[in-house]
Amino acid sequence: MAKIIPLSEAVGDLIGDGSAVAMEGFTHLIPHAAGHEIIRQGKRDLILYRMTPDVIYDQLIGAGAVAKLVFSWGGNPGVGSLHRLRDAVENGWPRPLEIVEHTHAAMAAAYVAGASDLPFGVIRGVHGSDLHEHSKAVRWIESPFDGERVLAVVAHRPDVTVIHAQRADGDGNVQLWGIVGIQKEAALAANSLIVTVEEIVDRFDAVPGEMVLPHHVVTAICHAPGGAHPSYAQGYTQRDNGFYTAWDAISRDRNRFEEWITHHVRGTTSIAEVLDSIANAGDGE
Amino acid sequence: MAKIIPLSEAVGDLIGDGSAVAMEGFTHLIPHAAGHEIIRQGKRDLILYRMTPDVIYDQLIGAGAVAKLVFSWGGNPGVGSLHRLRDAVENGWPRPLEIVEHTHAAMAAAYVAGASDLPFGVIRGVHGSDLHEHSKAVRWIESPFDGERVLAVVAHRPDVTVIHAQRADGDGNVQLWGIVGIQKEAALAANSLIVTVEEIVDRFDAVPGEMVLPHHVVTAICHAPGGAHPSYAQGYTQRDNGFYTAWDAISRDRNRFEEWITHHVRGTTSIAEVLDSIANAGDGE
Amino acid sequence: MSPATRDEIMTVAAARSLRDGARCFVGIGLPSAAANLARRLHAPNLVLIYESGTIGSKPDVLPLSIGDGELAETADAVVSVPEIFAYWLQAGRIDVGFLGAAQIDRHANLNTTVIGPYASPRVRLPGAGGAPEIAAFSGEVLVMMRHRPEAFVQQLDFVTTPGHLEGGDARSRAGFKGRGPTRVITDLGVLEPHPESRELILTNVHPGVSADDVRDATGWRLKVADDVAETEEPTVQELGVLRDLRERTERAHLG
Amino acid sequence: MSPATRDEIMTVAAARSLRDGARCFVGIGLPSAAANLARRLHAPNLVLIYESGTIGSKPDVLPLSIGDGELAETADAVVSVPEIFAYWLQAGRIDVGFLGAAQIDRHANLNTTVIGPYASPRVRLPGAGGAPEIAAFSGEVLVMMRHRPEAFVQQLDFVTTPGHLEGGDARSRAGFKGRGPTRVITDLGVLEPHPESRELILTNVHPGVSADDVRDATGWRLKVADDVAETEEPTVQELGVLRDLRERTERAHLG
């Protein structure tokens, strides 16, 4: 089941125009390399899921790849706005963006339902929040036992989930640790799973806090060391806080954003080249 | 919050006649020492929850402590029947036993709902099983999105959950590893939590596969090395397969059972004494 | 080497039913022996999943419980019980489920709950466990039972686990995704559901067993396939590996 | 030592609001600074819980994101995101939640979604994140915001996170279990809900700030408590520990 293939092949084979794609990673292990590859291949009309769309989704949205975004918090963590996301919602640039928004708790429950092959998840919900009124993805239901109202959230079932992990072994098992966020549920909710990894090893050493995704739920493994940058992979790379700060100025201006994407993403073929390109240009540091 | 106290005190303070108690441990880490203490203290009319009532529940039922049992599989694993459970259901001896029975999936969902403070959990359910027809604890509901029928399971909210774990630290955090089963959900579904442990240490060494229950969800910690016997505590004790086999003959006969309980449980004050008593008698080996 | 016992033939027949690489939800007893035998023979990449939450266990000896320590120690991943049932079984990630039962009917519905009325049973059995969901959500189900008239019955006392319900397309109409019981492997032979009626038909008899023997051990009028085949004798390799496994198991658990 | 800035006074005032041993759901920015300051002062046993799933984190410097590696490395337990929201927040295991917002109204309802109409916003804000559930299910909520008329508004553009809804007993009628926002700590002073109307009342002003200053910075006719108190100046110890924490944070993150 799990094949070890180049990232360009995985993205080319598994993600089509209009695909529903979840790229998860809760601050930690965000699959930036895969996001870049989607931009390079010029995918269009994507439906993207992510609890915390951050810089990589700002890039995908600004690059015009995204038709619809399902999310719960869209900002540059610790810095401020995602200007490309805002420009798309506020001004329809470079194209209009449909949004479906949730609370974190609802997004999490929707992934759990998807991973469990249930039509919906259940949370208590928050009475009086306008958010629930603006969403077709949630409905109040009553407990059949005591009539108590709770909130049903329609399951997330993306076509493809993409995550970044520390390691894969030769059989295609995947090992990640540290903050594991929503990765397992996102992985199991999807029809296909692409995992970029820091390292491919013969056998795993057990690591406290590890989560292992067995090979039979993994579709493609792609070796992409540093592939979480500017996010990080615990035990391998550090979060590049400077890049998050620098991104604010880059993304604030349409022209500067387009130059950045053209030069550093469309003009490169891998995360290693992206990092070199940024370092050489002093752009984003 | 977590106090380190003797098991007799924890059982005495937290479990009353009529209490709803979940003693969990999926084959591994079954809290036998605590079960014995409940028998010693002569608790009555208990409502007991457990996915896999095995030898310890057979003892509690045979001792007359239990009014109602909520469960999904009641057997002596790898051996056969639980004769005390059978005698209670088939003949009302030593007292009638009300039962609420589920599938494993439903029991697990009910604990998850309890731990999440939801009124019910949702599973797909199995159309055509007589089990669902005989239970007031489940109801078919329809998805508010597509009308699909799924099964709602009323949440488990025991008064007290009891588990056995490998270690506690000085702050009252609890660490367990190996097969962790339903322990976390059972622990968090209850109002109070008693944990018997193999060892109390100053600080934990991290262990792959570990689950840590923070001190602020633990009510009482009781030092009871070997307290899972004849079940086991990975890294500390071995499963006593011989005892499970021997239990079949002991429990098959009412008199022999009563002698066993009188001598080895009511006649002792701790799991260490129980193990000595059994070894000296050659009874259960 | 002494000739194969009926339980051994049954175990070997079940092991042969498992294709390499399948994800197999394994109970204790005969199913566990069959799955572990297959993993040592033609199916080295069989993925053994136990309901205690161990995925990809590679035990060296047969476990005595679904929660033996070795299952966790040798697993690719150990997950919680809610997860194994929601994310793995219910989500359709199991290819083959194994079940046994106290009673089975002609449509492979199973009873593990009570003999006699539910409210006042003559025999209280262990109950459902994971069986209803294993049968509902696994890609297919193999049933292993010893063939006796009181087990292969005209009418179940209680339907714990629906197999093919009342037969025909009842199962797919009820919305079950998996194919349900595809083989019932007994100590006398093999029954398989008719492609249309879903009634169990005798398709194989084990060496030395006649179709009449099986009919006599069945509580309903058992239909026999026109071309009923004889199960191939366990090979020396199959039997050797199985006996070695059992011997090592006994040594390990009693030692 | 240079005098305390308004943000420092605000952070110290928030830190003082935290009792030792409380389980505190912490966001990034001022709340994280306040909680980590409290942990170094009067509340060494404060339990910091971050929505990334880290329980009992003891970071040495302030995290820049709720998913910094140090939060996991120093935690008592790291759990998944579904679990932190279901088993911890929704289940009522959080004593104090911290929130900020772009807009707040007189009943401490919060907007972090849009300025302008939802379908065509003038400013698209980050959205809800964990805020609605933090406000609904925490024992109580502390709000930290800089006091500006465009933030303290007569009418929210969007109710992302209900505080006291329309006031009075609306909150408990809606079934919320926690007490909701109990203090709004700003760079000018502290507002607290009136025990009955649940309208926010100015109860404290920071040193050098007058009640009129706060009224001028509030977009509704702010009520002032009869006995409005002046916030005690940050002590040398409070300020020293806070500045040391910030300095070490800067070194760690930029170094």
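A, B, ... follow the sequence lines: proteins, then strands. Residue 1 opens every chain.
- Checking side-chain atoms of A/Ser129 against main-chain N and O of D/Thr160 turns up a donor-acceptor pair under 3.5 Å.
- With a threshold of 4.5 angstrom between heavy atoms, D/Thr113 approaches chain A through side-chain atoms but not through N, CA, C or O.
- A/Ile179 and D/Ala72 make their closest contact through CG1-CB, 3.8 Å (heavy atoms, listed as atom of the first residue, atom of the second, distance).
- Of the listed residues (D/Pro162, D/Gly175, D/Gly127), the one with the most heavy-atom contacts under 4.5 Å to chain A is D/Pro162.
- At a 4.5 Å heavy-atom cutoff, the contact between A/Phe71 and chain D is made by side-chain atoms alone.
- With a 4.5 Å cut-off on side-chain heavy atoms, D/Arg124 and A/Leu82 do not count as touching.
- With a 4.5 angstrom heavy-atom cutoff, D/Ser52 touches chain A via backbone and side-chain atoms both.
- At a 4.5 Å heavy-atom cutoff, the contact between D/Glu51 and chain A is made by backbone and side-chain atoms alike.
- When heavy atoms are compared at a cutoff of 4.5 Å, A/His132 does not approach chain D at all.
- Looking at D/Arg171, neither its backbone nor its side chain comes within 4.5 Å of chain A, counting heavy atoms on both sides.
- For chain A, the nearby part of D/Leu165 is the side chain; its heavy atoms alone come within less than 4.5 Å.
- With a 4.5 angstrom heavy-atom cutoff, D/Ala136 touches chain A only via side-chain atoms.
- Residues D/Val81 and A/His104 are not in side-chain contact: their nearest non-hydrogen atoms beyond the backbone lie 4.5 Å or more apart.
- Both the backbone and the side chain of D/Val123 come within contact range of chain A, with heavy atoms under 4.5 Å apart.
- Using a distance-only test at 3.5 Å, with no hydrogens or angles considered, a donor-acceptor pair links the side chain of A/Asp130 to the main chain of D/Val159.
- Heavy atoms closer than 4.5 Å to chain A are found nowhere in D/Asn111, neither backbone nor side chain.
- Contacts between A/Met51 and chain D at a heavy-atom distance below 4.5 Å involve the side chain alone, from C-beta outward.
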Checklist line | side chain to side chain donor-acceptor pair (under 3.5 Å) between A/Glu101 and D/Tyr118, worked out | finding: CA-CA 11 Å; A/Glu101 69 182 304; D/Tyr118 185 73; 2.5 Å; yes

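- Using a 4.5 Å heavy-atom threshold, the side chains of D/Pro82 and A/Glu185 count as touching.
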Note to self: Show, in sequence, the C-alpha distance, side-chain angles and deciding distance for A/Ile123 and D/Glu133, and conclude whether the side-chain contact (heavy atoms from CB on, under 4.5 Å) test is met.
What the structure shows: CA-CA 10 Å; A/Ile123 59 174; D/Glu133 278 86 3; 3.8 Å; yes

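- Aromatic ring pairs are classed by plane angle as parallel below 30°, tilted from 30° to 60° and perpendicular above 60°; the pair D/Phe176 and A/His127 is perpendicular.
- For a residue to count as touching a neighbouring chain, one of its non-hydrogen atoms must lie under 4.5 Å from one of that chain's; by this rule D/Val78 touches chain A with the side chain only.
- Contacts between A/Ala105 and chain D at a heavy-atom distance below 4.5 Å involve backbone atoms as well as side-chain atoms.
- Across all non-hydrogen atoms, the minimal contact from D/Pro121 to A/Glu90 is O-CG, 3.8 Å.
- Under the 3.5 Å distance criterion, the side-chain polar atoms of D/Gln90 are matched with a main-chain donor or acceptor of A/Arg124.
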